[in-house]
Amino acid sequence: MKKKILVLGGAHIDRRGRISGETAPGASNPGTWFEEPGGGGFNAARNLARLGFQVTMISPRGGDPMGETVGEAADFAGIDDRPFVFLDRKTPSYTAIIEKDGNLVIALADMDLYRFFVPRRLSIRWVREAFAAHDFILFDANLPEETIAAIVAKAHSLAKPVAAIAISPAKVVRLKPCIGDIDYLFLNEAEAAALAGERPEDAAGWPPLLNQIGIRNAVITRGRRELVALCEGRRAVTLQPPIAETVADVTGAGDSLAAGTLAALISGLPLEEAVRHGTAAATLTVQSRHAVNENLTPDLLNEALALVPKVRILH
């Protein structure tokens with residue numbers, strides 16, 4: 001029987017402008033424009049669906065053509081899409097400018113609608129039933145702080161494991177009030193620094209910092225450098241991501257890493273091994289111009305896994 005995963009969070013439109021030549025700050029840059037559905041939670045949900053899980057997505061959405069586009073993408077991915085639709089408002093969007101090597105220059109998040117996902121919406125009957133019916137809860141930090149706390153509390157009251165995607169340094173701080181009750185956290189180094197209040201000089205400095213603020217299980221990505229995984233607040237490992245043959249776009253890499261890791265965790269692997277599966281998924285994502293690799297399957301992930309090195313024990 002397929003495991004069921006409930007995802008709450010961002011499902012919106014991603015717009016990405018890619019600069020064709022060398023970046024010229026403060027000037028007009030020739031390039032190309034690309035638009036597709038995205039959002040941290042939604043990207044992870046689509047990856048999980050492609051990996052064979054039964055996924056339900058709950059997210060605020062506007063009553064506009066962009067909202068319809070997101071809904072169509074959810075249907076195409078095989079996701080059970082359960083939006084809160086606000087007919088008089090527009091669907092959130094994320095607009096990024098990317099250099100020719102795929103790295104982010106700057107981004108603008110127009111996501112005011114997410115503040116309307118208030119805690120009382122979790123009391124709606126079908127939402128309560130969705131929490132009860134699923135095996136695992138995943139959310140992202142696009143949601144308001146009080147809603148995040150309510151999601152974590154509801155998951156724990158039902159004895160459901162819960163994971164979070166940090167989204168950005170500005171939004172990850174919304175996790176602070178319930179950080180010790182989040183079972184798995186996925187974030188990059190800038191987001192981890194926003195939580196911890198400082199940034200260590202090397203990978204070995206992250207585990208004690210995370211322990212101090214109550215984090216038990218977390219994966220910190222560090223670009224092309226070794227990522228760090230903290231396991232049960234005691235063990236820590238690092239992993240050097242393989243160099244992708246081509247980098248088309250880094251958008252969605254962190255979301256796919258979260259999805260790939262969670263897929264392995266739910267299948268019974270420990271975090272120190274599951275993170276290799278997440279790294280394989282992220283490697284496949286950056287080779288695609290889409291935020292979710294359109295060719296992702298369990299078999300393709302296993303092929304990519306063969307290129308991911310073993311973890312190195314920190315302590």
Side-chain angles (χ1 to χ4, degrees), residues 3-13 37-49 53-62 67 70-71 73-75 77-86 91-92 94 109 111-168 171-172 174-179 181-187 252 254-256 258-259 261-263 265-266 291-292:
K3 291 289 186 178
K4 298 179 180 179
I5 303 173
L6 176 62
V7 183
L8 306 98
H12 49 251
I13 292 294
F42 191 46
N43 290 340
R46 288 185 289 168
N47 276 295
L48 288 163
F53 293 88
Q54 188 172 327
V55 182
T56 297
M57 181 86 207
I58 300 178
S59 180
R61 206 162 303 158
V70 174
D75 291 342
I79 293 171
D80 180 13
D81 187 34
R82 302 288 191 90
F84 294 121
V85 179
F86 296 82
T91 297
Y94 171 84
M111 301 189 179
D112 185 63
L113 185 64
Y114 291 132
R115 68 185 175 89
F116 292 102
F117 194 157
V118 294
R120 63 181 174 82
R121 292 189 175 273
L122 300 178
S123 299
I124 297 172
R125 180 176 178 178
W126 67 262
V127 177
R128 288 188 280 111
E129 291 174 347
F131 268 84
H134 287 74
D135 302 296
F136 201 102
I137 312 299
L138 171 64
F139 70 90
D140 71 31
N142 279 308
L143 302 179
E145 181 178 300
E146 60 273 17
T147 305
I148 287 171
I151 289 170
V152 173
K154 182 175 283 292
H156 275 263
S157 72
L158 296 169
K160 310 281 185 179
V162 61
I165 298 174
I167 298 298
S168 72
K171 294 178 179 178
V172 70
R174 299 173 182 175
L175 307 179
K176 279 187 174 182
C178 58
I179 197 72
D181 293 322
I182 296 172
D183 295 300
Y184 300 97
L185 177 59
F186 299 90
L187 65 175
D255 307 326
S256 60
T261 303
L262 290 176
L265 284 168
I266 294 169
V292 175

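None of the values given here were measured: they were computed from a predicted structure.
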Show the nearest heavy-atom pair for residues [X] and [Y], with the distance to one decimal.
| X | Y | answer |
| --- | --- | --- |
| Asn47 | Ala259 | CB-CB, 3.5 Å |
| Cys178 | Val152 | SG-CG2, 3.8 Å |
| Ala166 | Leu187 | CB-CB, 3.5 Å |
| Ala77 | Ala49 | O-CB, 3.4 Å |
| Gly9 | Ser59 | O-OG, 2.6 Å |
| Ile79 | Asp75 | O-OD1, 4.3 Å |

Can you check whether Arg121 reaches Val127 side chain to side chain, under 4.5 Å on heavy atoms?
no
Is the closest side-chain heavy-atom distance between Leu8 and Phe117 below 4.5 Å?
yes
Okay, side chain of [X], backbone of [Y]: is any donor-acceptor separation there less than 3.5 Å?
| X | Y | answer |
| --- | --- | --- |
| Arg174 | Asn142 | yes |
| Asp183 | Val162 | yes |
| His12 | Met111 | no |
| Lys160 | Ala132 | yes |

Look up atom [atom1] in [X] and atom [atom2] in [Y], then write down how far apart they are to the nearest 0.5 Å.
| X | Y | atom1 | atom2 | value |
| --- | --- | --- | --- | --- |
| Ile137 | Leu158 | CD1 | CG | 7.5 Å |
| Leu175 | Ile182 | CG | CD1 | 4.5 Å |
| Thr147 | Tyr114 | OG1 | OH | 13.0 Å |
| Lys3 | Ile266 | NZ | CD1 | 8.0 Å |
| Ile58 | Phe131 | CD1 | CZ | 6.5 Å |
| Lys4 | Thr56 | NZ | OG1 | 8.0 Å |

Check step by step if side-chain contact (heavy atoms from CB on, under 4.5 Å) holds for Ile151 and Leu122.
CA-CA 8 Å; Ile151 289 170; Leu122 300 178; 3.8 Å; yes
Trace of the side-chain contact (heavy atoms from CB on, under 4.5 Å) decision for Phe42 with Val292:
CA-CA 10 Å; Phe42 191 46; Val292 175; over 6 Å; no
What verdict does the side-chain contact (heavy atoms from CB on, under 4.5 Å) test give for Ile13 and Val70, after you've listed the backbone C-alpha separation in whole Å, the side-chain angles of each residue and the deciding distance to 0.1 Å?
CA-CA 7 Å; Ile13 292 294; Val70 174; 4.1 Å; yes
Centre-to-centre under 6.0 Å for Phe116 and Phe84, is that the case here?
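So the answer is no for these two rings.
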Between Arg61 and Asp81, does the salt bridge (Lys or Arg N to Asp or Glu O under 4.0 Å) criterion hold? Intermediate values first, please.
CA-CA 11 Å; Arg61 206 162 303 158; Asp81 187 34; 2.7 Å; yes
With sequence neighbours left out, which residue pairs that include part of residues 126-154 fulfil the salt bridge (charged side-chain N to carboxylate O under 4.0 Å, His left out) condition?
Arg125-Glu129
Evaluate Phe186 against Leu262 for side-chain contact (heavy atoms from CB on, under 4.5 Å), listing each step before the verdict.
CA-CA 10 Å; Phe186 299 90; Leu262 290 176; 3.9 Å; yes
Just one of Asp80, Leu138, Val7 clears the side chain to side chain contact (heavy atoms under 4.5 Å, CB included) bar with Val55, so which one?
Val7
